[in-house]
Trainee: 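Shown below is the structure under consideration.
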Number of protein chains: 2
Amino acid sequence: MVGMRDVAREAGVSTSTVSLVVNGNGYVSAAMAERVSQAMKRLNYVPNELARNFSRNETDLVGVIIPTIRHPFFATLTASLQSALYEQGMRTVLCSTADVDQDVSQYVDMLRRRAMDGIIMGAHAVYPADYWSSIERPIVAFDRFLGGSIPSVGSDHSQGGHLAASLFAHTGAHHVVEIGGPRTLYQTASGPRSVSLGNIQIAGQTTFPPIRYHLAFEQRLQQTGIHYDYIEIENVAQMEQFRNAAHLAFERYPDLDAIVAPDLAAAFCVQEAFRRGRAIPGDLQIIAYDGSYVSDLAGLKLTSILQDFDGIANALARQLLQAIPGRVYRAPDATQRQAGQEGTGLNGARPGSVPGSELIPMSVKLGESTRWEGSIEDLLSSE
Amino acid sequence: MVGMRDVAREAGVSTSTVSLVVNGNGYVSAAMAERVSQAMKRLNYVPNELARNFSRNETDLVGVIIPTIRHPFFATLTASLQSALYEQGMRTVLCSTADVDQDVSQYVDMLRRRAMDGIIMGAHAVYPADYWSSIERPIVAFDRFLGGSIPSVGSDHSQGGHLAASLFAHTGAHHVVEIGGPRTLYQTASGPRSVSLGNIQIAGQTTFPPIRYHLAFEQRLQQTGIHYDYIEIENVAQMEQFRNAAHLAFERYPDLDAIVAPDLAAAFCVQEAFRRGRAIPGDLQIIAYDGSYVSDLAGLKLTSILQDFDGIANALARQLLQAIPGRVYRAPDATQRQAGQEGTGLNGARPGSVPGSELIPMSVKLGESTRWEGSIEDLLSSE
DNA sequence: CTGTTAGCGCTTTCAA
DNA sequence: TTGAAAGCGCTAACAG
């Protein structure tokens, strides 16, 4: 293997000069640089990144922990993340826990051993807050609060919940069924505390922010007196559960006339509706929550509450880069920033109460599965 | 940072002994091992993987190059790949070219610089064969032939094409429309050679094996005298194109009564059909090719030609590991091997003509979008 | 601007 | 079974 010394010898310079040329940082005269470049070319020199990593004590690798890359939501988010990270000179190590049937700890250990420069944590895990804080390496959480000083980024789900409920409230829904994640995640940041799904309104943070969508949703429905029920999906990584939940919704609540569900579940609901001869949106309205491409495939264009995947990804990348010592976050082009926006943008971001946390605004894309004829602005102004 | 020397000092042994204990390979007395372990615990020692990588000249990282992780097909494949690689002690670096708007060469350079131990190449690239062979580092291709000695793994698409055509032939289709990838990839392994889509039958390899599906499909249809047309998708990474292709199929060929299409396109075809009041499968039959979960979401259960994602992933992982010097491939449990099998398994794998190449058998899952009432065995035995 | 030099933390012969 | 020691290839002071 031809190394720097060889190049240095060939060019008649020292290794440090070669290093400067390769990395293009320090001051090297043009002549010298040229001479070295020629030597590199002659010898077919390829820098050894392992040695470089070892020396710098960095890998430029970021672990992206998610439940499964199969799921369109996480696939879409991961695509945005990979792009945002790439712009910052970082590469993505895929860490989908359900796909490899592994605990999160495997990947955290890689972080500890410095195999990665940081981690974006977007999967469920059972560790107490001090597990995370004791790691003392760059970690940023997606849609969850891990512990004291670990930043968190996620969509503004209270806004999303409010939007969904408003749509139903203004289109004369009577019985809404919501399909969503496990209730065991209904906990406050101050410790595990189970929360009734009844009439209460939570103060403070939940450890699992998407739950705020449910709460806002519920609250808004109650204003209008719409009856609603909840169907729980235990494991987001198992697609079967989305189908089962959809089936259950129709079996258990024959009089339902409105559904909000993660778009995978929403797609199955469409199928159930077709099969049972329920007309959409005349007889039954459906809102897909998340807004991955699946909401476009489901037999008709679903109205959906969109997450701003690129916005989330950029925020995550920024938070992570800021947590890596010696790194600076370079903002992407303005043109790129807007790429994720589709449909109607709403409120600006509001800071969460956890340090470094960010809420990314959501938006609505009206499709064929709801009855609202006007614009979203119309809807909101009539609130 | 506490390193091996510290542990060695604490335990009163040499660093090499500590190394042996950490890696659990050499011969160390139980007492000594225990003493060292205690010391590690006391000092909270965490091995530095960068130093290890540097020393071993390995990273245990594999780059998975695909067009986009957004696409359900590649997401599913990547999930299987990640699992297969994890079992071999390798981690996955996500390299989706369209998501980061980068050329394949960026990732190949990483391979050259030893930032990864190998690459699985599943995206389109324009380089000549000698580009790939000159790299002289572990590379395995998915569904394409790159160059002389680079192994290739992919589904047996001629089988898939034959299956699809047989289904149509036996259910009285008259006008079949096929939606598929770019025709410019219709090249033989012996060099770029464009191939008419007319009546000819190709001898030899195409550089892009999925094309064989088209050829087999066409050939089988001709036996029955079924009229057919082809609609081309230029860029697989752009989902819009799938929708457009679906729309185009109905506009251009109003009398079509059968469609084969990648499942994303198939899903949009269902939507078009609904919108136009075409009854499925009575009036129009649809076969989804690939068989990712999308074929279950599309408003009804689509009949699909399935790729064996786990089978493909295991073969890719095996080929790659065998190409990495000093690595041995350990076969996964029998239970895991079958995980990917769904529907009806068919012919066994047939070796391709390129060294190290493998063809993974495909299968059929009958859904609601075709009219065949019997089993697949019935269908094939009536051939 | 360029060269000298001292590591980075671990693996791996080779001796003892 | 354990220890001593020589790197692995590059970076980054520091000196010139």
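Below, chains carry the letters A, B, ... as their sequence lines are ordered, and counting in each starts from 1. Worth saying up front: this structure is predicted, and the values here are computed from it rather than measured.
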Trainee: How would you list, by chain and number, every residue that makes a side-chain hydrogen bond (donor to acceptor under 3.5 Å, both in side chains) with A/Arg91, sequence neighbours excluded?
Mentor: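 Once residues adjacent in sequence are excluded, A/Arg91 has no partner under the side-chain hydrogen bond (donor to acceptor under 3.5 Å, both in side chains) criterion.
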Trainee: Counting heavy atoms not belonging to A/Asp101, are there more than 12 under 6.0 Å from its CG?
Mentor: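 Count not over threshold, so no.
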Trainee: Would you give the length of the straight line joining atom CE of B/Met110 to atom CZ of B/Arg137, rounded to the nearest 0.5 angstrom?
Mentor: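 CZ of B/Arg137 is found 11.5 Å from CE of B/Met110.
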Trainee: Looking only at side chains, do B/Arg114 and B/Asn57 share a donor and an acceptor under 3.5 Å apart?
Mentor: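 B/Arg114 vs B/Asn57: donor-acceptor pair found between side chains.
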Trainee: Answer yes or no: is there a side-chain heavy-atom contact under 4.5 Å between A/Asn314 and A/Tyr329?
Mentor: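 Yes. Closest side-chain heavy atoms under 4.5 Å.
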Trainee: Output a table of donor-acceptor pairs, distance under 3.5 Å, between side-chain atoms of residues 3-13 of chain A and any protein atom two or more places apart or on a different chain; print 'none' if there are none.
Mentor:
residue: A/Asp6; atom: OD2; partner: A/Gly3; partner atom: N; Å: 2.6
residue: A/Glu10; atom: OE2; partner: A/Arg42; partner atom: NE; Å: 2.6
residue: A/Glu10; atom: OE2; partner: A/Arg42; partner atom: NH2; Å: 3.3

Trainee: If we only count heavy atoms from C-beta on, is the B/Val21 to B/Arg35 side-chain gap below 4.5 Å?
Mentor: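 Side chain of B/Val21 against side chain of B/Arg35, heavy atoms only: no contact under 4.5 Å found.
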Trainee: With a 3.5 Å cut-off and no angle check, do the side chains of A/Asn53 and A/Thr59 form a donor-acceptor pair?
Mentor: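 Side-chain D/A pair, A/Asn53 to A/Thr59: absent.
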Trainee: Can you build the contact string for nucleotides 6-16 of chain C? Use B for base contact, S for sugar-phosphate-only contact, and - for no protein heavy atom under 4.0 Å.
Mentor: -BBBBBB----
Trainee: Starting from the first five and the last five pairs of the helix from C/dC1-D/dG16 to C/dA16-D/dT1, work out the angle between the resulting helix axes, to 10 degrees.
Mentor: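 Helix axis angle between the two ends: 30°.
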Trainee: B/Asp60: what forms a side-chain hydrogen bond (donor to acceptor under 3.5 Å, both in side chains) with it, not counting sequence neighbours?
Mentor: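 B/Asp60: side-chain hydrogen bond (donor to acceptor under 3.5 Å, both in side chains) contacts with B/Arg56, B/Arg327.
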Trainee: Would a distance-only check, ignoring hydrogens and angles, find a side-chain to backbone donor-acceptor pair under 3.5 Å from B/Ser133 to B/Ala129?
Mentor: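 Flag set: sc B/Ser133 to bb B/Ala129 pair under 3.5 Å.
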Trainee: Shoot me the first and last contacting nucleotide of DNA chain D against chain B, ordered 5' to 3', at under 4.0 angstrom to non-hydrogen atoms.
Mentor: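 So the outermost contacting nucleotides come out as D/dT1 to D/dG9.
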